[in-house]
Each structure stands twice: as C-alpha cells, then as structure tokens.
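Before any comments, here is the structure.
Here the structure is a predicted model, which is why all the values come from computation and not from measurement. Per chain, numbering begins at 1; letters A, B, ... match sequence-line order.
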There are 2 protein chains.
Amino acid sequence: MKEYIQNVYGIDEAVIFAYEVNKEILEETVNMAQSKTKPKAKSIKGRGAKNGIRNKLFDFKREQILEVSARLFYHRGFRATTLDVIAEELGVTKPFIYYHFENKRDILLHLLERTMGKSHDVFAGVDVESGTPAEILKDLVKRFTLVVIETRVSTAMFWRDEKDLPLDRKDKIREMKRDVDNKLTRVIERGIENGSFDVKDPKMASLCVAGMVTWTYTWYQADGRSTPDEIAERMTEYVLNMVGIRK
Amino acid sequence: MKEYIQNVYGIDEAVIFAYEVNKEILEETVNMAQSKTKPKAKSIKGRGAKNGIRNKLFDFKREQILEVSARLFYHRGFRATTLDVIAEELGVTKPFIYYHFENKRDILLHLLERTMGKSHDVFAGVDVESGTPAEILKDLVKRFTLVVIETRVSTAMFWRDEKDLPLDRKDKIREMKRDVDNKLTRVIERGIENGSFDVKDPKMASLCVAGMVTWTYTWYQADGRSTPDEIAERMTEYVLNMVGIRK
DNA sequence: ATTGAATTATACTTTATAGTATAATTCAAT
DNA sequence: ATTGAATTATACTATAAAGTATAATTCAAT
C-alpha cells in the first residue's frame with residue numbers, strides 16, 4: 001500500500017480500480033470519503049466530471065489516511081497517536097495529512113461519522129410497534145450485534161476517546177445510543193404486556209442487553225472460532241432467555 | 001476541603017479525625033494511601049510513632065490528590081487531565097503533587113492498585129467447584145456487580161486509559177479479568193453437566209455475562225432509582241434466566 | 001516543451017504540559 | 001526565640017507534538 005502513496009502521481013487507473021473493488025470487502029475503515037472537506041487548494045472547480053481521476057485520487061488518499069489512523073487510534077488511543085506516526089506509517093509527511101484533513105480531530109470525526117451513519121441506518125429500519133415482540137427483539141439484537149462487530153474499531157474509539165470529541169458530536173452519538181436503549185425497552189415492555197416475556201424492570205433489562213451486545217467489541221476476534229453471524233445468532237438466544245420468553 | 005489543604009499546617013487533630021471517620025463512608029477514591037511512596041525528603045525516619053500527625057497529614061494530602069485526580073481522570077480522561085488542573089482544583093501548585101507522588105502515572109497506578117486489590121479479594125473467596133452451580137453463579141454475579149459499581153471510576157479509567165499503563169499492570173488486570181471469565185465459564189459448564197442450566201457455548205455465555213455486568217459502570221448513577229444491592233439482585237435474575245436455569 | 005495549478009516535503013513556529021531548581025515558608029523541638 | 005528539617009510556591013526548563021510558511025516537485029493541458 002505504502003508504495004501507492006509515495007510518489008502518488010505514479011498511481012494509475014488500475015490501482016484505483018483495485019481499490020474500488022476492495023472497497024466493498026474492507027469492513028469498516030474504508031468506505032467513502034466523499035471529499036466533503038475541501039482540499040486546501042483554493043479552487044475546487046477542477047474537481048468535476050472532467051478530471052475525475054484527480055478526485056478519485058484525492059478520495060483514495062483520504063481513505064488511506066483514515067484506514068491507517070483508525071488502526072493506530074484503535075491500538076494506541078487517539079491522543080497517544082501522533083500525526084507524525086500516521087504520516088510515517090503512510091510513508092509521507094505531515095503536510096500530506098493536513099492537505100487532506102483540517103486537523104487531527106477531523107480525522108477522528110470522519111471515522112466516527114461513518115460508523116454512526118451505518119448504525120443509524122441499521123436501527124432506523126426497525127419498527128418496534130409492529131410484529132411480535134419476540135421477532136422484533138430478535139431482529140434488533142441481531143442487527144445490533146452485527147453492527148457492533150462490524151464497527152468495533154470505531155466503537156472502541158468512541159467509548160475510549162469520547163472526551164476528545166466536540167460536544168455536538170458526543171451528544172449525537174449519545175442520542176443514538178439512547179434510541180437503541182429506548183427501542184429495546186419498548187419491545188420488552190410490549191412483550192411483558194402481551195405475556196410473551198417474563199422479566200422485571202424492562203429499562204434495566206434493556207441496558208443489560210445493550211451492554212452485553214456492545215461488550216462484544218472487547219472480545220470479538222476476526223480470526224476466532226465463530227463468525228459474526230453465529231455470534232449474533234447465539235446472542236439472540238441469550239437475550240430471549242434473559243427476558244424469560246415463553247417456550 | 002480546599003481550605004484544609006491550603007495552608008495545611010493549620011490542620012488540627014479534629015480535621016484528621018473527621019477524615020478518619022469519613023474514610024469508611026467514601027466509596028472508592030479515599031481509602032488508604034499508606035505512604036508506600038516515600039516523600040521526596042531524604043529522611044523518612046521522622047515518620048514514626050512520635051510524630052504520627054505528620055504521617056497522617058502526609059497520607060491525608062495524598063488522599064486528597066487521589067480523590068481529585070480520580071474525579072478528573074474519570075471525567076476528562078487521563079491524558080487530557082493536566083497536573084496544573086489537578087493542582088488548581090486542590091488549591092495548590094504542581095510541586096505539591098510531585099512532593100506526594102512520583103509523577104502523573106504514579107497517581108493513576110495508585111488508583112488502580114487499590115481497585116484491583118479490592119476486586120481480587122472479592123473473587124478469591126469464591127470456590128467454583130463446590131456448591132450448586134446456581135448458587136455459585138448467583139454469588140459470583142452479585143459480588144461482581146457490586147464490585148463494578150463500587151469501583152466504577154477505576155473501572156472506567158481502566159477501560160479507557162489502559163494504554164497509559166505500564167505493561168505489567170495491564171497484564172495483571174487482564175489476568176484478573178480472565179480469572180473472572182474462567183470462573184464464570186466453569187460454573188456454567190458445571191450447571192450444564194448436572195442439568196440445572198440449559199445454554200449453549202458456556203465460553204461465550206460467560207463473556208456476555210461479564211459484559212453485561214461490567215457495562216454497569218456506564219449507566220449506574222449513585223442518585224438513581226435503584227441501590228447497588230437492588231441492581232445486583234436483579235442482575236442475578238437476568239443471568240440465571242440467560243443460562244436457562246430449570247425452574 | 002512550457003506553464004500555471006495542484007500537491008507534497010523541508011524545516012520551521014507555536015503551544016501545551018510534564019517535570020524541576022531554587023527560594024520562601026512553616027513546622028516541631030529545643 | 002532559634003534552628004534545622006519538612007513542605008510548598010515561584011518561576012523556570014525540557015520536550016513532545018500540533019500546526020504552518022515556504023520552497024520544491026509533479027501534474028494536466030496546451
């Protein structure tokens with residue numbers, strides 16, 4: 001990878017294409033960095049249909065920065081990771097990074113932004129008021145688990161480096177978490193009402209479910225004996241047991 | 001409190017006594033700082049039976065530093081908390097801190113050390129091979145939950161600022177965690193063997209239990225509607241349900 | 001081949017903060 | 001009251017790391 005960045009103008013379409021394909025495989029860190037942050041260069045007109053290659057290159061480099069940063073932030077923590085190390089890892093120097101991102105925090109924000117978007121989409125699609133409580137709960141837990149596993153790097157960063165985020169982002173994230181908790185609570189309440197669940201204190205129960213699922217980020221290993229799907233499936237069993245589902 | 005530290009030689013026995021009493025109430029941060037770290041002053045002979053007041057004062061000040069540091073580390077994170085802020089909060093200056101602790105990390109270590117000792121004691125007293133699995137599991141979860149709540153500040157710091165710890169401490173803490181996980185796993189296995197539990201994958205189940213319990217540190221509120229005991233009690237219900245206990 | 005714009009490196013400034021030398025203060029004991 | 005030891009503040013140094021001015025390079029298009 002390094003080589004593709006050093007002397008980056010050597011990049012050709014083939015490399016970009018290879019990246020485009022990879023994109024769909026890479027789990028978390030690489031996705032889309034649709035240059036919402038403009039390059040420092042004054043004119044952005046140049047980035048149109050005509051020279052799309054430039055744009056792709058720009059986005060590609062941002063991806064690389066994000067990918068490396070995610071790995072380092074994850075392993076060392078946000079504050080403990082210096083831009084010089086990120087640059088060194090990429091085989092470039094600091095101004096390269098500052099050309100593609102406003103500052104260090106901007107990188108972190110982009111990483112979390114993307115995770116949040118993904119998470120949001122996953123939960124937005126669940127209506128807790130229709131369907132049987134058991135089905136909905138199962139669906140929620142499964143989706144939740146898969147998202148946590150998929151976004152485990154960002155999840156870890158969030159729980160650790162939350163303090164380094166600006167207030168509005170923090171609130172946004174906390175709001176999403178609350179949303180999940182509320183959905184869980186609501187489903188459990190419905191289950192208790194219609195007699196399909198038997199559990200006390202649905203609020204605390206939902207916090208415990210959320211904890212159990214979120215905790216996965218601390219122990220999941222990509223090379224472990226279980227696949228994400230298997231884990232998610234088992235997780236739903238545990239949760240349904242926990243809420244005392246009628247068998 | 002501030003006042004007791006500023007112009008500290010104004011302290012009298014009464015204050016120290018008040019502190020001694022308080023000591024047993026304060027949950028986590030204040031306990032014993034038995035000056036294992038010697039003061040920078042060359043001679044430590046002076047700290048004997050004769051002038052016990054000096055020693056008590058010294059320890060008292062260490063307590064204050066630990067207490068304030070814990071609060072700040074907890075709210076802002078270790079790296080983001082500067083010694084100047086700690087000093088300011090105490091109404092003193094930096095050398096005051098350096099006189100009582102070797103350095104910043106030393107403060108963090110003392111905070112965690114104490115938590116770890118406490119946790120260790122709690123789990124050392126549980127024999128997972130005798131007694132019925134249900135009883136043991138219940139006992140484990142209850143103790144575990146209470147410890148997490150009691151040491152939630154340190155627990156949070158550990159999961160967040162782990163990177164800032166020296167390797168040996170990290171290992172020690174992780175070992176303790178593993179110990180708990182193993183104990184949980186063993187009990188669940190025993191329960192499955194003798195037919196009192198009905199759950200798959202005891203290893204993953206124990207990770208989930210540990211996660212559910214540990215997660216408490218993120219949502220427990222001292223002024224919340226439930227007491228630690230109530231929470232611990234409910235937690236055991238959830239867990240026993242989760243492992244499919246025969247009713 | 002030449003040129004202006006975009007990109008990146010060199011080498012710098014700035015800032016934040018851990019840590020410390022030294023002087024001033026306060027103590028306990030005579 | 002005096003004195004040496006313990007304690008703490010003032011004011012500093014050292015250092016790491018974020019961020020940037022400027023020059024050099026490479027690009028795309030003629």
Practice prompt. Before accepting this row, confirm whether a basic side-chain N of the pair B:Glu67/B:Arg114 lies closer than 4.0 Å to the acidic partner's carboxylate O.
Written response: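 B:Arg114 and B:Glu67: not salt-bridged.
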
Just to confirm, is there a sub-4.0 Å distance from OP1 or OP2 of [N] to any side-chain nitrogen or oxygen of [X]?
X	N	result
B:His100	D:dT7	no
B:Tyr98	C:dG19	yes
A:Thr82	D:dA17	no

Atom [atom1] of [X] and atom [atom2] of [N]: how far apart are they, to the nearest Å?
X	N	atom1	atom2	value
B:Ile86	C:dT17	CD1	C1'	12 Å
B:Asp59	D:dT7	CG	P	11 Å
A:Leu83	C:dA9	CG	P	14 Å
B:Phe58	C:dA28	CZ	P	16 Å
A:Phe96	D:dT26	CZ	P	15 Å
A:Lys61	C:dT7	NZ	C1'	7 Å
B:Lys94	C:dG19	NZ	P	9 Å
B:Phe101	C:dA18	CZ	C1'	16 Å

Item to complete: Tell me, please, whether B:Phe96 has B:Lys61 positioned over its six-membered ring: NZ or CZ under 6.0 Å from the ring centre and within 45 degrees of its axis?
Response: no

Discussion item. Are the side chains of B:Val122 and B:Leu146 in contact, using a 4.5 Å heavy-atom criterion?
Written reply: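 B:Leu146 vs B:Val122: side chains apart.
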
Worksheet entry | Check: A:Pro228 and A:Glu150 side chains under 4.5 Å, non-hydrogen atoms | no

Worksheet entry | Minimum-distance nucleotide to A:Lys104 side chain [options: C:dA9, D:dA18, C:dG19] |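 Given the options C:dA9, D:dA18, C:dG19, the side chain of A:Lys104 is closest to D:dA18.
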
Worksheet item: Does C:dC27 pair with anything, Watson-Crick or G-U wobble, both distances under 3.5 Å, and if so, with which nucleotide?
Response: D:dG4

Discussion item. Any strand counts, and the cut-off is 3.5 Å on both contacts for Watson-Crick or G-U wobble. Which nucleotide pairs with D:dA18?
Written reply: C:dT13

Fill in: 5' precedence on DNA chain C between A:Arg79 and A:Thr93 (nearest-nucleotide basis)
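Its nearest nucleotide lies further toward 5', so the answer is A:Thr93.
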
Practice prompt. Return yes if a side-chain donor-acceptor contact under 3.5 Å exists between A:Ser154 and A:Thr115, otherwise no.
Written response: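 Looking only at side-chain atoms, A:Thr115 and A:Ser154 do form a donor-acceptor pair, the distance falling under 3.5 Å.
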
